[in-house]
Amino acid sequence: MALEDAAKQMDMAFTREDLKGPSYELTFGGATSFLRRKYTKDLTGVDIAVTGVPFDQAVTNRPGTRLGPRAIREASALQAPDAPYGWDFDVLSEFAIADYGDLAFDYGHVSQFPAALSAHIKTILDAGAASVVLGGDHYISFPILKAYAEKYGPISLLQFDAHTDTWQDDDMDRIDHGTMFYKAVKSGIVDPATSVQVGIRTTNEDTMGVNIIDAREVHEQGPQATVAKIKGILGDRPCYLTFDIDALDPAFAPGTGTPVWGGLTSAQASIMLRDLAGINIMGGDVVEVSPPFDTTGATAIAGAHVATEILSLLGHRLRTK
């Protein structure tokens, strides 16, 4: 496909016949699947499934992250249809990537949500695909991690965030976006010694043994030194990458439920995500994009780019492992 194809191609999310290759469409038109990938519930032959989780039960102060998946998909249409910049391969052309649509759940029975999400991700993993999840408040990572731990055993967590989300909460049935990694470590599905949280800038005395690289250290040491430290902690263990969009400073991502100043720049994040190539990543998510609090769309654009980088990190693992 070439640029002139934009004159005759539209709605490739539904009309394309394969799962690989670019899609040249009018950026302002067409069905907005993630990066114009084909919408399908058939996971046969799929390497990576992108799925949305429109859930925001517990975001502090600012609800609206249930609208995140839709906004991220729309923002992804603004990206060039060429290979993601800065990589030496094109994940969109080399691997079968599908938009698996959104998780269906009964919003009136919130207690049933975690099991529904774990089962949703398990379906993807059982089909032999990896998942890239568009959230949704950050709680969603907990049910996702349960599915990954069931497949891979206790997994290492690489978390970009302003908050550790390890505040004490021993009620495993509570659905809370600030305590789910406490529960993940406590229940044995995350190995804290080989996990790392990057960009932290809120006080929490108990980090559950997870390694912390706070925002100041990133600013002072720089992205390359940060990546080297991350890789040293993760080693070659299977890991899951979660990126809370509030890891970015509010200047770059104002549309989030819990903005905190002094955060990462989008440039720092892009360098780190690309330089992380080589980690043994199994899946990932980008969470807490809250479109109602950012009329510019900048937060959703950042979220779309983060998800694209996660796709590329997964592709890099698939072609080198």
Side-chain angles (χ1 to χ4, degrees), residues 1 9 11-25 30-54 69-70 72-73 76-77 79 81-84 87 89-105 116-136 140-141 143-152 155 238-243 277 279-287 303-321:
M1 290 180 281
Q9 292 181 354
D11 298 323
M12 293 292 283
F14 300 109
T15 61
R16 69 180 301 146
E17 296 180 355
D18 57 26
L19 297 175
K20 296 181 180 180
S23 294
Y24 290 97
E25 296 187 41
T32 51
S33 61
F34 185 74
L35 292 178
R36 309 288 191 172
R37 299 301 91 192
K38 183 178 181 179
Y39 267 119
T40 180
K41 295 297 185 181
D42 181 2
L43 292 170
T44 304
V46 172
D47 296 309
I48 306 171
V50 179
T51 188
V53 181
R70 182 179 296 173
I72 291 170
R73 285 189 176 98
S76 76
Q79 294 186 40
D82 308 296
W87 292 88
F89 74 103
D90 180 7
V91 67
L92 302 179
S93 294
E94 288 196 26
F95 297 99
I97 302 171
D99 192 321
Y100 192 55
D102 284 355
L103 169 71
F105 62 94
L117 176 52
S118 292
H120 181 75
I121 299 301
K122 186 176 185 300
T123 298
I124 294 172
L125 298 181
D126 287 349
S131 68
V132 175
V133 181
L134 315 176
I140 70 170
S141 296
I144 295 169
L145 284 166
K146 286 183 178 179
Y148 270 87
E150 183 178 333
K151 183 177 179 68
Y152 297 107
I155 198 163
C239 71
Y240 183 87
L241 193 161
T242 179
F243 197 109
I279 63 172
N280 195 15
I281 182 174
M282 298 294 135
D285 62 51
V286 55
V287 296
H305 279 278
V306 168
T308 301
E309 298 302 310
I310 295 174
L311 279 178
S312 294
L313 285 169
L314 284 166
H316 187 276
R317 178 185 66 81
L318 290 171
R319 72 199 304 260
T320 56
K321 295 292 183 181

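Excluded from the calculations below are hydrogen atoms, water molecules and symmetry mates; all remaining heavy atoms, backbone and side chain alike, are included.
- Ser131 OG to Ile144 CD1: the interatomic distance, rounded to the nearest 0.5 Å, is 6.0 Å.
- Side chains of Thr44 and Asp42: a donor on one and an acceptor on the other come within 3.5 Å.
- Paired with Trp87 under the rule side-chain contact (heavy atoms from CB on, under 4.5 Å), one option of Thr308, Leu313, Leu311 passes, and it is Leu313.
- Nearest heavy-atom pair across Ser141 and Thr242 is OG-OG1, 3.3 Å.
- At distances below 3.5 Å, not a single donor-acceptor pair connects side-chain atoms of Asp99 with backbone N or O atoms of Lys38.
- Side-chain contact, Tyr24 with Asp82: a donor N or O sits under 3.5 Å from an acceptor N or O.
- Interatomic distance, CE of Met12 versus CZ of Arg37, reported as 8.5 Å (0.5 Å rounding).
- Contact annotation: the side chain of Ile97 never approaches that of Leu19 to less than 4.5 Å [non-hydrogen atoms, C-beta and beyond].
- Between Ser33 and Ala13, the shortest heavy-atom distance links the atoms OG-CB, 3.2 Å.
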Could you walk me through whether Leu125 and Tyr148 satisfy the side-chain contact (heavy atoms from CB on, under 4.5 Å) test, starting with their C-alpha distance in whole Å, then the side-chain angles of each, then the deciding distance to 0.1 Å, before giving a yes or no? CA-CA 8 Å; Leu125 298 181; Tyr148 270 87; 3.6 Å; yes
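- Residues Ile121 and Val133 meet the side-chain proximity criterion, which asks for heavy atoms closer than 4.5 Å.
- Screening Arg70, Arg73, Lys41 for a salt bridge (charged side-chain N to carboxylate O under 4.0 Å, His left out) involving Asp102 leaves a single residue, Arg73.
- Summarising the geometry, atom NE2 belonging to His316 is positioned 11.0 Å from atom CG belonging to Leu318; distances are rounded to the nearest 0.5 Å.
- A salt bridge does not link Lys20 with Glu94: every distance from a Lys NZ or Arg NE/NH1/NH2 to an Asp or Glu carboxylate oxygen is 4.0 Å or more.
- Note that CD1 of Ile48 is 10.5 Å distant from CZ of Phe34, once rounded to the nearest 0.5 Å.
- Atoms CD1 and NE2, from Ile140 and His120 in turn, are 10.0 Å apart once rounded to the nearest 0.5 Å.
- Using a 4.5 Å heavy-atom threshold, the side chains of Lys122 and Lys146 count as separate.
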